[in-house]
Amino acid sequence: MTLDFLGTLQRTQMCGELRAEQAGQDVVLMGWVNRRRDHGNLIFLDVRDRTGITQVVLDHEQAGEAHAKAEAARSEFVVAVKGRVRRRAAGLENPNMPTGEIEVVANELLLLNESKTPPFSPAEDAIANEEVRLKYRYLDLRRTEMQHNFALRSRVAMAIRNFLVDEGFLEIETPFMTRSTPEGARDYLVPSRVHAGTFYALPQSPQIFKQILMISGFDKYFQIARCFRDEDLRADRQPEFTQIDLEMSFPQMENIFRTAEGFLVAAFNAAGIKLTTPFVHMTYDEAIKNYGIDKPDMRLPAMVSLDDLLPPDLRTTLKIEQGLPILGFVIPGVGELSGSARKALLNEVRGGFGDCGLDLLDVVRLRTSPDFAPLADAISAALAKGLGVDALSPDDLITVVTPKLGTPAKWNHDPQWIYKRVGALRLQLGTKYAEKHGRFAKTGTESDFKFCWVTDFPMYEWDEEAKVWNAAHHPFTSPHEEDIKAGRLTNDKGAVRALAYDIVLNGTELGSGSIRIHRQDVQAEIFRSLGMTDEEAHERFGFFLDALEYGTPPHGGIALGLDRIVMILAGATSLREVIAFPKTAKAIDLMVDAPTPVSDLQLRDLHLRTVSRS
RNA sequence: GGGGACGUAGCUCAGUUGGUUAGAGCGCUGCCCUGUCACGGCAGAGGUCGCGGGUUCGAGCCCCGUCGUCCCCGCCA
């Protein structure tokens, strides 16, 4: 096949731009052959670029040479078209495409490049399996949906940048090659050639650098920063990901909330969604009590405590443990279940509980018993009140979880375990009946997006295996001042609250932050309370403890996952839909085939030898 | 590290209780077609049933192992 040279030809329009007003205009389009429809002496080429598709007509009588080339053109060939825009005749318009009122009548066609038959067509809606998509990512990214996702991502990032710059934030870059800090996630390590046996680490976040920038007086910093964590992947977790990272000096928490809300409004606006601020606030304890999780999905109704309806004697009758919470919740609009479906569901849930000591109250059956009908009615009334309605509908699925006699108050030292278990059940049933209740459906309006702030996280978490207290957020998070004053850092670690907060959207943690410790003495005390000796603390964070001693202002910040924000805005369920070149669940890049072994020579330069572990 | 789902033509999938030559749609190739837009018509090519082993007269189907992709738990300060 003879290909044409581009020469000095320049395109005049993008393929998605032409409308009836341009009829009569001479244009040059360039792009890929989306589809070819060959009618013999008349050929249609749909030419595609990232803005859309225009139909090009090649008529044998009017442009024989161009028509001949179009006969050779195939899917994904790269072409340039010189021609004239023509308004389509009545009845020939295609209302399904934005350019459907017009077509371009070609007088010249250049075949700029050919293409092998692609393993799947970017023109198809049906999506090839992900393995093939990732291997041929360049073809996958040609798909309209992916083009939209990355255009969206670019707009969102720019809106956030503009907002923060307007608010007086400075964008400052921090190093990718830095120091390993063994706490938290595993580090990706980079061996040093110059210094045998030593390693840089890729940052899990710019945390310490941004705090040092506050010490340096930059006052308001931000960065759209790549972060790296060597942990197992999930649909919403990639080993490298992008955070909108910011830090402010002399902030109250409210300043940080307003800033994050501000850039989220800007980001969502870039996607055509108007958000109302401020977002809902709740404490960690409230989140656990009402939703059984620290990242509540508020598209579903909250859990309701039914303790008041089941006094001790009634608990005895029903063989329910005293003193433990009885929780109910409603999944509205599930539709009335048949008797057998209800029993199957009860069995399924009870099976899921296993031997943990929790059970279900069959409210529908209670209602049929003269003795217990009043209780069933009271439960319905309480749940209706929680929903803010007068009465529940028979379509609403009621679930009431009770602790059986002998149920332990704590599980793995966690007094909140029942709330968490019931919260997990709430999400499980919410997902199971998602199609029926429709609360997860996309309407393209603000109501699709339920944001909330969760505050007052616990400072410490008990690690039952290692028998130690760990920092729940990170060890630079400031505790509440009252908890420091009351000596709880040593006496009662489980009760210490952190000045830490998460921002949650539809049950996904979008970001978290905190007011930091700005005093060296408090920081040293926190390290000690985590079981670190002063020597160990200095070994790991000495440079930072030093820096704290030179006039550190009170400061705090937050980091939000850009990938997750874009994923939710794009209506995607995996980060891979909004990251151009993502990794598989085993952290492989299928396109470039990374990671790979390296040569012995490279290893020798790095003073490394590989050892297989059997 | 653990649990689950999947793996058959380039792609999406079907394939009965283990039984003759493994099928369909799309795509691809050739021919025909001047108004299609998921164009249409005719003809055709295309398979190591992920890989290895086993059971069996006989395996896409059963068993064992292994590899890959996806989802979840652990993990992610």
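Every chain is numbered from 1, with letters handed out A, B, ... down the list of sequences. Quick note: numbers below take in every heavy atom, side chains included, and nothing from hydrogens, waters or symmetry partners.
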Dump the pairs, protein N or O against N or O of nucleotides 23-25 of chain B, anything under 3.5 Å, distances to one decimal.
none

All N/O pairs under 3.5 Å across the protein-nucleotides 9-11 of chain B interface:
| residue | atom | partner | partner atom | Å |
| --- | --- | --- | --- | --- |
| B/G10 | O2' | A/Pro119 | O | 2.7 |
| B/C11 | O4' | A/Pro119 | O | 3.2 |

Dump every N/O contact between nucleotides 5-8 of chain B and the protein below 3.5 Å, one line per pair.
none

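Base pairing analysis places B/A5 opposite B/U69; the two distances defining the Watson-Crick or G-U wobble pair are each below 3.5 Å.
Going from the C1' atom of B/A5 to that of B/G46 covers 29 Å, rounded to whole Å. B/G19 and B/G60: their C1' atoms are spaced 13 Å apart (whole Å). Separation of the C1' atoms belonging to B/C26 and B/C73 is 39 Å when rounded to the nearest angstrom.
The ring pair (Phe, Tyr, Trp, His ring centres under 6.0 Å) contacts involving residues 116-149 of chain A comprise nothing, where partners must be two or more places apart or lie in separate chains. Each side chain to side chain donor-acceptor pair (under 3.5 Å) pair with one or both residues in residues 73-85 of chain A, not counting sequence neighbours, appears once here: A/Asp26-A/Arg84, A/Arg48-A/Glu76, A/Glu76-A/Arg142. Applying the salt bridge (charged side-chain N to carboxylate O under 4.0 Å, His left out) test to residues at least two apart or on different chains, the pairs with a partner in residues 505-516 of chain A are A/Glu247-A/Arg516.
Not a single ring pair (Phe, Tyr, Trp, His ring centres under 6.0 Å) links A/Tyr221 to another residue, sequence neighbours left out. Legend: residues meeting side-chain hydrogen bond (donor to acceptor under 3.5 Å, both in side chains) with A/Asn129, ordered by chain and number and at least two apart, are absent. Taking A/His474 as the reference, A/Phe476 meet the ring pair (Phe, Tyr, Trp, His ring centres under 6.0 Å) condition, with sequence neighbours excluded. For A/His39, the ring pair (Phe, Tyr, Trp, His ring centres under 6.0 Å) test picks out A/Phe44, with sequence neighbours left out.
As a whole-Å value, the separation of A/Glu124 CD from B/C26 P is 11 Å. As a whole-Å value, the separation of A/His67 NE2 from B/C33 P is 10 Å. Going from atom CZ of A/Phe44 over to atom C1' of B/A38 covers 15 Å, rounded to whole Å.
Looking at A/Glu231, its side chain has no donor and acceptor atom pair within 3.5 Å of the base of B/G74. Not a single donor-acceptor pair, N or O on each side, falls under 3.5 Å between the base of B/C37 and the side chain of A/Arg35.
Only A/Arg74, A/Ser75, A/Arg86, A/Arg88, A/Leu92, listed by number, bring a heavy atom of residues 69-92 of chain A to less than 4.0 angstrom from any atom of RNA chain B. The stretch residues 46-60 of chain A touches RNA chain B through A/Gln55, A/Asp59, each having a heavy atom under 4.0 angstrom from the strand.
Checked against a 6.0 Å centroid threshold, the rings of A/Phe527 and A/Phe541 count as neighbours.
The pair A/Asp502-A/Lys295 does not meet the salt-bridge criterion, since no charged nitrogen lies less than 4.0 angstrom from a carboxylate oxygen.
An OP1 or OP2 oxygen of B/C73 is reached within less than 4.0 angstrom by a side-chain nitrogen or oxygen of A/Arg234. In this structure, A/Arg576 reaches the B/C71 phosphate: one of its side-chain N or O atoms is under 4.0 Å from OP1 or OP2. OP1 or OP2 of B/C39 sits under 4.0 Å from a side-chain N or O of A/Arg37.
In this structure, the separation between CG on A/Leu246 and CD1 on A/Ile256 is 7.5 Å, given to the nearest 0.5 Å.
When side chains are defined from C-beta on, A/Glu131 does not count as touching A/Lys135, because their heavy atoms never get closer than 4.5 Å.
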